[in-house]
2 protein chains.
Amino acid sequence: MNPDNWTCPLPLRDYPNVVLGHGGGGKLSAELVEHLFLPAFRNDALAALGDAAIVPPVAGRLALTTDCYVVRPLFFPGGCIGDLAVNGTVNDLAVSGARPLYLTAGFILEEGLPLAALGDIVARMAAAARAAGVAIVTGDTKVVERGHGDGCFVTTAGVGAVPDGLTLGPERARPGDAVVVSGAIGNHGIAIMSVREGLEFETIIASDTAPLNGLVNEMLAACPNVRVMRDPTRGGVAATLNEIAGRSKVGIEIDEACLPIDPQVWAACELLGLDPLMVANEGKLVAVVPPSDADRLVAAMREHPFGARAAVIGTVSDQHAGMVVARTAVGGRRVVTLPVGEQLPRIC
Amino acid sequence: MNPDNWTCPLPLRDYPNVVLGHGGGGKLSAELVEHLFLPAFRNDALAALGDAAIVPPVAGRLALTTDCYVVRPLFFPGGCIGDLAVNGTVNDLAVSGARPLYLTAGFILEEGLPLAALGDIVARMAAAARAAGVAIVTGDTKVVERGHGDGCFVTTAGVGAVPDGLTLGPERARPGDAVVVSGAIGNHGIAIMSVREGLEFETIIASDTAPLNGLVNEMLAACPNVRVMRDPTRGGVAATLNEIAGRSKVGIEIDEACLPIDPQVWAACELLGLDPLMVANEGKLVAVVPPSDADRLVAAMREHPFGARAAVIGTVSDQHAGMVVARTAVGGRRVVTLPVGEQLPRIC
């Protein structure tokens, strides 16, 4: 945490740190809402302060998602738990083909968290929501005793609208399809690990946390036949590809030489003995498209800042159904397995 | 926690307790979803296992809400954190006038939580969702290291549909209106406190956790002019009435002799020095209605099991705007203040 960056004005100086009463539903809770959450997230639905936020009718099917964020440390190069939580939920909606509309935010705070840190987290959530074009319309805050939490946990849920006729899903890959990734992989996981373990590299490796709904719009406009989109977060690209292979009952072959990976991420993975395919991403997506559409899709993605390094990394096969195989740089082949547990706990 | 009640079959015997990998997005996460969450919550939207659940279009305005649950202990007389989380979110939607439809569920687990306990929590969430007629369509699980959480935190979010033309809100109370409560107050808070503090009474005081959407339906059918509904959870009836008085810029006068309170809850409050008006409820609501509608509303509520002890407890006044005043049993008057912090931490 970098106190220099704590930007939210806090007329809550009687309590510089979070106390149990901030989650008690009384005056202290109300002050937190009035002076911290409302000014940051300001929108009409939130300002009504009902037990639920009321928003206008949404046309079409709804997409609903939720994610809990327990990343440690709370602030890291390229982001913090707040923008991560907003972008993560925006991305889960976007890769489902939905236009993200509304988010909810739940905070579980540990007694003693500096209110200014919470203010900064909330300010960055608000900025991320603005950047993604979504509104944070309702929320809740609970406080647990010191030693029964870990600073700040954030749970976001999101609602989006799915365009008529669009269906994406991990069960839709077909032999011959191309597998595309939107950019360099592994940056988020390595950013977290390097700050947590005190590793120093020549350049700071920053998290790739970003909202992907704009990129997804461009992709669907250029290529309405996209079959699958997923964001490879926990478990990395390896987990995502294994899921697609399993759900679609197909094999997937990827070419490691085609994987966009930043040199310093490569170096860190070698140093730490990590497989970059298993390292988490927070601003990337994997897509599967019919082979005839692959070039058009990649070209459209490269027009967007979050897809500038998009690349075809492999193909879907009718061999070895349910299995992901990588051609290695030296010409061998290896099976890319689903991680059993967790390479790195509390990555998001 | 009562292991005798742990009912969920768990073919996860290699890991009897939660390990970090259960939140890692790999095989262990997938097993938890397959063997624990899917069988309990089973529905089509969840079974698709997308990054987001896709549900059919919803007509009309949407209501969105979220709540974090950190109640301690996890299991208590009358309920557990799981049914509490479902009912709480159902009730936030219901008192906003919405028909609750879909819930999301986020779990932040502490390493070492018995998987069977999680199974029981999830089974009770599923039962509560069935009872309320809602579907839990998507979720997420994260695991934190031992000592960085507290067993299990649950965050639910909910989506409901608001009927055309219906508008409720704490700013809509008018002088002369009647203030109604749906039943005996204080049971949830006293149930939690007595089990936590090891207090013994002649009878076990159970939480009142219950879904109120059925009761709300009956209320709106009998009395479409209801102006305000709120569920008096944290901060109790005192916090709810103060909010209504403040937002509507009116005074509220209540008659303590009219408050439905169970004798053992009274006794516990006296013993513990608690004001029952400030004790949390999890299956009650407060409503404000035009005076001409009050009798009809109370009669309709009494037809419903969760409104059997509904009563008019006071009136809205044009005096002392923003303030709640109680006539005491001995004929005096006292100001009912908004609690500053928290009478009892982690009540929900």
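Chain letters run A, B, ... following the sequence lines, proteins first and then strands; every chain starts at 1.
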Asker: Report, by ascending residue number, the residues of residues 158-167 of chain B in heavy-atom contact with chain A at a distance under 4.5 Å; give 'none' if the set is empty.
Answerer: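 Interface residues of residues 158-167 of chain B: B:Val159, B:Val162.
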
Asker: Kindly confirm or rule out a cation-pi arrangement of B:Lys142 over A:Tyr69, judged by NZ or CZ under 6.0 Å from the six-membered ring centre and within 45° of its axis?
Answerer: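 Judged by the rule (NZ or CZ under 6.0 Å from the ring centre, within 45° of its axis), B:Lys142 counts as positioned above A:Tyr69.
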
Asker: Can you name the nearest heavy-atom pair linking A:Val154 to A:Cys152, along with the distance?
Answerer: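 What the structure gives for the nearest pair is CG2-SG, 3.7 Å.
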
Asker: Just verifying a value: how many Å separate A:Leu62 CG and A:Leu101 CG, rounded to the nearest 0.5 Å?
Answerer: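 It is 8.5 Å, given to the nearest 0.5 Å.
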
Asker: Identify which part of B:Asn91 has an atom lying under 4.5 Å from any heavy atom of chain A, answering side chain, backbone, both or neither.
Answerer: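 Neither part.
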
Asker: To check you understand the geometry: which heavy-atom pair defines the closest contact between A:Gly88 and A:Asp67, and what is its length?
Answerer: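 In terms of heavy atoms, the two residues are closest at O-OD2, 4.4 Å.
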
Asker: Between B:Glu282 (side chain) and B:Leu84 (backbone), is there a donor-acceptor pair under 3.5 Å?
Answerer: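 Pair absent, no side-chain N/O of B:Glu282 close to backbone of B:Leu84.
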
Asker: Does B:Arg99 have more than 12 heavy atoms from other residues, nucleotides or ligands lying within 6.0 Å of its CZ?
Answerer: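 No, CZ of B:Arg99 has 12 or fewer neighbouring heavy atoms, counting only those of other groups under 6.0 Å.
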
Asker: With a 4.5 angstrom heavy-atom cut-off, could you sort out which part of A:Val144 is near chain B: side chain, backbone, both or neither?
Answerer: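 Both parts, backbone and side chain.
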
Asker: Quick one: does any side-chain atom of B:Asn281 pair with a main-chain N or O of B:Lys284 as donor and acceptor, under 3.5 Å?
Answerer: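 Flag not set: sc B:Asn281 to bb B:Lys284 has no pair under 3.5 Å.
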
Asker: Answer with side chain, backbone, both or neither: which region of A:Ala105 has an atom nearer than 4.5 Å to a non-hydrogen atom of chain B?
Answerer: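 When you check distances to chain B, only backbone atoms of A:Ala105 fall under 4.5 Å.
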
Asker: Quick check for you: among A:Gly151, A:Pro170, A:Ala157, A:Ala48, which has the greatest number of heavy-atom pairs under 4.5 Å with chain B?
Answerer: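 With the most close heavy-atom pairs to chain B, the winner is A:Ala48.
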
Asker: Relative to chain B, which segment of A:Ala63 carries a heavy atom at a distance below 4.5 Å: side chain, backbone, both, or neither?
Answerer: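 Answer is both: backbone and side chain atoms of A:Ala63 are under 4.5 Å from chain B.
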
Asker: Return the option, out of B:Gly147, B:Ala239, B:Cys68, with the maximum number of heavy-atom pairs under 4.5 Å with chain A.
Answerer: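 Greatest number of close heavy-atom pairs with chain A: B:Cys68.
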
Asker: Let's test your reading of the structure: which of A:Ala238, A:Gly235, A:Ala52 forms the most heavy-atom pairs below 4.5 Å with chain B?
Answerer: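 The candidate making the most pairs under 4.5 Å is A:Ala52.
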
Asker: Let's test your reading of the structure: which of B:Ala53, B:Gly106, B:Ala98, B:Pro56 forms the most heavy-atom pairs below 4.5 Å with chain A?
Answerer: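 Greatest number of close heavy-atom pairs with chain A: B:Ala53.
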
Asker: Counting heavy-atom pairs under 4.5 Å with chain A, which one of B:His148, B:Glu110, B:Glu145 comes out on top?
Answerer: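 Ranked by heavy-atom pairs under 4.5 Å with chain A, first place is B:His148.
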
Asker: Keeping B:Asp150 on the side-chain end and A:Gly149 on the backbone end, is there a donor-acceptor pair under 3.5 Å?
Answerer: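 No; zero donor-acceptor contacts below 3.5 Å.
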
Asker: To the nearest 0.5 Å, tell me how far A:Arg72 CZ sits from A:Leu74 CG.
Answerer: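 Atom-to-atom, A:Arg72:CZ and A:Leu74:CG are 10.0 Å apart.
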
Asker: Select one option (side chain, backbone, both, neither) describing which atoms of A:Val95 are under 4.5 Å from chain B's heavy atoms.
Answerer: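 Contact with chain B involves the side chain of A:Val95 alone.
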
Asker: Given A:Glu243, which of A:Lys249, A:Arg234, A:Arg230 fulfils the salt bridge (Lys or Arg N to Asp or Glu O under 4.0 Å) condition?
Answerer: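 So, applying the salt bridge (Lys or Arg N to Asp or Glu O under 4.0 Å) to A:Glu243 and each of A:Lys249, A:Arg234, A:Arg230, only A:Arg230 qualifies.
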
Asker: Give the member of A:Thr65, A:Thr337, A:Val55, A:Ile108 that has the highest number of heavy-atom pairs under 4.5 Å with chain B.
Answerer: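 Maximum pair count with chain B is reached by A:Val55.
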
Asker: Determine the option with the most heavy-atom pairs under 4.5 angstrom with chain B, choosing from A:Leu64, A:Leu49, A:Val58.
Answerer: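 The option with the most such pairs is A:Leu64.
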
Asker: At a 4.5 Å cut-off on heavy atoms, which part of B:Leu168 comes close to chain A: side chain, backbone, both, or neither?
Answerer: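 Interface part for B:Leu168: neither.
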
Asker: Might you work through the side-chain contact (heavy atoms from CB on, under 4.5 Å) test for B:Leu115 and B:His22, ending with a clear yes or no?
Answerer: CA-CA 10 Å; B:Leu115 266 182; B:His22 283 122; 4.0 Å; yes

Asker: Tell me, side chain or backbone of A:Met278 under 4.5 Å from chain B's heavy atoms, or both, or neither?
Answerer: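 Contact with chain B involves no heavy atom of A:Met278 at all.
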
Asker: Is it true that a side-chain atom of B:Thr66 and a backbone atom of A:Thr104 form a donor plus acceptor pair closer than 3.5 Å?
Answerer: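 A pair under 3.5 Å: no.
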
Asker: Return the option, out of B:Ala45, B:Ala59, B:Ala94, B:Gly60, with the maximum number of heavy-atom pairs under 4.5 Å with chain A.
Answerer: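 Among B:Ala45, B:Ala59, B:Ala94, B:Gly60, the one with the most close pairs to chain A is B:Gly60.
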
Asker: Nearest 0.5 Å, please: how far is CG in B:Asp231 from OG in B:Ser182?
Answerer: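 If I round to the nearest 0.5 Å, the distance is 9.5 Å.
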
